[in-house]
Amino acid sequence: MAVSSFPPMNLELPSKPVQELIKSTVKEVPERYRVQLPNNSDDNHSDIEYMDSPIIDLSLLSAGSSSQHEQELRKLRSVLNSWGCLQLINHGLSSSLLDQIREVGKEFFALPLEDKQKHSRTLDWFEGYGGDTACEGQSYNWNDRLHLKVYPLEHRNFKLWPEYLPGFRETLEEYAMEVRRVMKTILIEIAKSLELDEYSFLRECGGVEAINMFTRFNYYPPCSKPEQVIGLKPHSDGTSVTILLQDKQVEGLQVQKDGQWFKVPIVPNALFINIGDQLEIMSNGILKSAVHKVEIDKEKERISLATVCSPPFDKEIGPLSELVGEERPQLYKKIKNYVSVFFQYYSRGERAINSMKI
Ligand code: OGA
Ligand code: NI
C-alpha cells in the first residue's frame with residue numbers, strides 16, 4: 001500500500017566524526033550539533049528515575065519447567081505491551097564473548113582517522129563508518145557509528161569490515177551467530193506469549209534465513225556541555241527487534257513510557273531487547289515499539305552495539321490476521337520496505353509509525 005511520501009529532501013552527512021570534533025581546541029559545541037531542549041526541569045538528567053527494569057530469563061523461556069515457562073511467557077507479554085523492551089539474562093552468550101566484542105569495537109574507534117575512513121558510509125546508504133544523516137536544519141547526533149550487515153551471510157560486504165584489526169572478523173562472526181540464535185528464540189517465544197503459532201513472526205519477517213541483520217557499533221564521545229547535545233535523538237527503531245549490548249560502565253540510554261523518560265540501568269551481561277516498529281505493526285499494536293534516546297556523559301566515552309533485525313526489503317508486512325478481528329480492528333496498513341520510509345522520517349526527527357496507522 002502506498003504511504004505518503006515526502007518531497008525530495010536535502011539530506012546531509014556530518015563532515016567530521018564527533019571523535020575528531022572534540023579534539024579541536026574550540027570548546028563550544030558546533031551549532032549543527034546543538035539540540036533545542038524543551039524548557040522542562042524533567043530533562044535534567046540527574047532527576048530522571050531508573051526504569052523498573054523488566055528482566056526476562058531466556059533459559060526459563062526455552063527450557064524451564066512448564067509452570068516457570070508459563071510464568072515467564074506472561075511476564076514477556078506484559079513487559080512488551082507496556083515498556084516494549086526488556087533486559088535478557090541467561091541468553092547463552094558468554095561474558096568473555098561480550099568482552100571481546102566490546103574490545104574490538106573499542107579498537108576500531110581507536111584507529112587513526114584515515115584507517116576508519118577506508119570504511120566510510122555514503123550519503124545514500126547507511127552501511128559503513130560515519131554519523132547519521134540529518135535533514136537541512138536538523139541537528140546531528142553526538143554519535144559515530146560503524147554499521148555492518150551480518151546476515152544473510154551472502155550479503156556481508158567485507159570491504160567495509162576492518163580486516164587488519166586482529167580478531168575483528170572472527171569475533172563479529174561469532175557474536176552475530178549467537179545474536180541470531182537469540183533473535184530466533186525471542187521471536188518464537190513472543191509469538192507463544194500471544195498464543196500464536198510459534199513461527200508467526202518469523203514467517204512474517206520472511207523466515208530466519210532471509211532476515212536482514214545489521215550490527216552497529218555506536219561510539220559516543222564525551223561532551224563538556226552534555227545538555228547541549230544528544231547521543232541519539234528520541235526515536236523508536238524501524239526494525240522488528242533490536243538486540244543491544246550496552247557499555248559495561250557508562251550509562252546513557254533512556255526509554256519513554258507514558259510520556260515520561262526513564263534511565264535504563266546497566267544489568268551486567270544482559271542484552272537489552274527492544275521491539276521495533278515492524279513488530280508493533282505485525283502484532284496490530286499489542287507489542288509496543290519502545291521510544292528511546294541516548295544522553296551524553298560529560299567525561300566518559302560510551303560504546304554500545306546494536307543488532308537490528310528486519311524483514312527483507314521486498315517482503316510486505318502487516319498485522320497478523322490472527323490479531324485482527326471484530327474486537328480489535330486492523331490498526332496499521334500493510335507495507336513493503338518499511339526501513340526506507342523509516343529513514344525519511346528519522347532524518348526529520350519524526351516517527352514513521354504514525355504514518356502507518358489507519
Ligand atoms: C540505536 C540505539 C542505543 C544505545 O542504535 O538505535 O538506540 O544505547 N542505541 O546506543
Ligand atoms: Ni534505537
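Predicted model, so just to flag it, every value in this text is computed and none were measured. In each ligand, atom 1 is the first atom listed, and ligand 1 is the first ligand listed.
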Evaluation steps, side chain to side chain contact (heavy atoms under 4.5 Å, CB included), between Lys75 and Leu86: CA-CA 10 Å; Lys75 203 160 127 196; Leu86 55 91; over 6 Å; no
Under-4.0 Å heavy-atom contact with ligand 1, by part of Gln254 that carries it: neither
Sequence neighbours excluded, every pair satisfying salt bridge (charged side-chain N to carboxylate O under 4.0 Å, His left out) that has a member inside residues 299-312: none
Those atoms of ligand 1 less than 4.0 Å from some heavy atom in Ala306: 5 (O)
Within-cut-off N or O pair, Gln246 and ligand 1, under 3.5 Å: no
Side-chain donor or acceptor of Arg181 paired with backbone N/O of His91 under 3.5 Å: yes
Proximal atoms of ligand 1 relative to Arg302 (non-hydrogen, under 4.0 Å): 4 (C), 8 (O), 10 (O)
His235 heavy atom under 4.0 Å from ligand 1: yes
Part of Leu244 with heavy atoms under 4.0 Å of ligand 1, whether side chain, backbone, both or neither: side chain
Asn218: numbered ligand 1 atoms lying under 4.0 Å from its heavy atoms: 5 (O), 9 (N), 10 (O)
Part of Asp237 with heavy atoms under 4.0 Å of ligand 1, whether side chain, backbone, both or neither: side chain
Nearest-0.5 Å distance, CZ of residue Arg145 to CZ of residue Phe126: 10.0 Å
For Tyr220, the ligand 1 atoms whose distance to one of its heavy atoms is below 4.0 Å: 3 (C), 4 (C), 9 (N), 10 (O)
Within less than 2.8 Å of the Ni ion (ligand 2): protein N, O or S atom count: 3
Pair Glu280, Tyr332: side-chain N/O donor-acceptor within cut-off below 3.5 Å: yes
Atom 6 (O) of ligand 1: nearest protein contact (heavy atom, Å): Arg216 NH2, 2.6 Å
Donor on one side chain, acceptor on other, Ser310 and Thr239, under 3.5 Å: no
Electrostatic pair Glu198:Arg203 at N-O distance under 4.0 angstrom: no
Closest protein heavy atom (residue, atom, distance) for atom 2 (C) of ligand 1: Leu232 CD1, 3.3 Å
Side chain to side chain, Asp132 and Leu232, heavy atoms closer than 4.5 Å: yes
Within 6.0 angstrom of Tyr199 OH, more than 12 heavy atoms from elsewhere: no
Electrostatic pair Glu114-Lys118, nearest N-O below 4.0 angstrom: no
Heavy-atom check, side chain of Gln260 versus side chain of Asp258, under 4.5 Å: no
Atom 3 (C) of ligand 1 [closest protein heavy-atom partner, distance rounded to 0.1 Å]: Val294 CG2, 3.7 Å
Face-on cation placement of Lys116 at Tyr219 ring, 6.0 Å and 45° thresholds: no
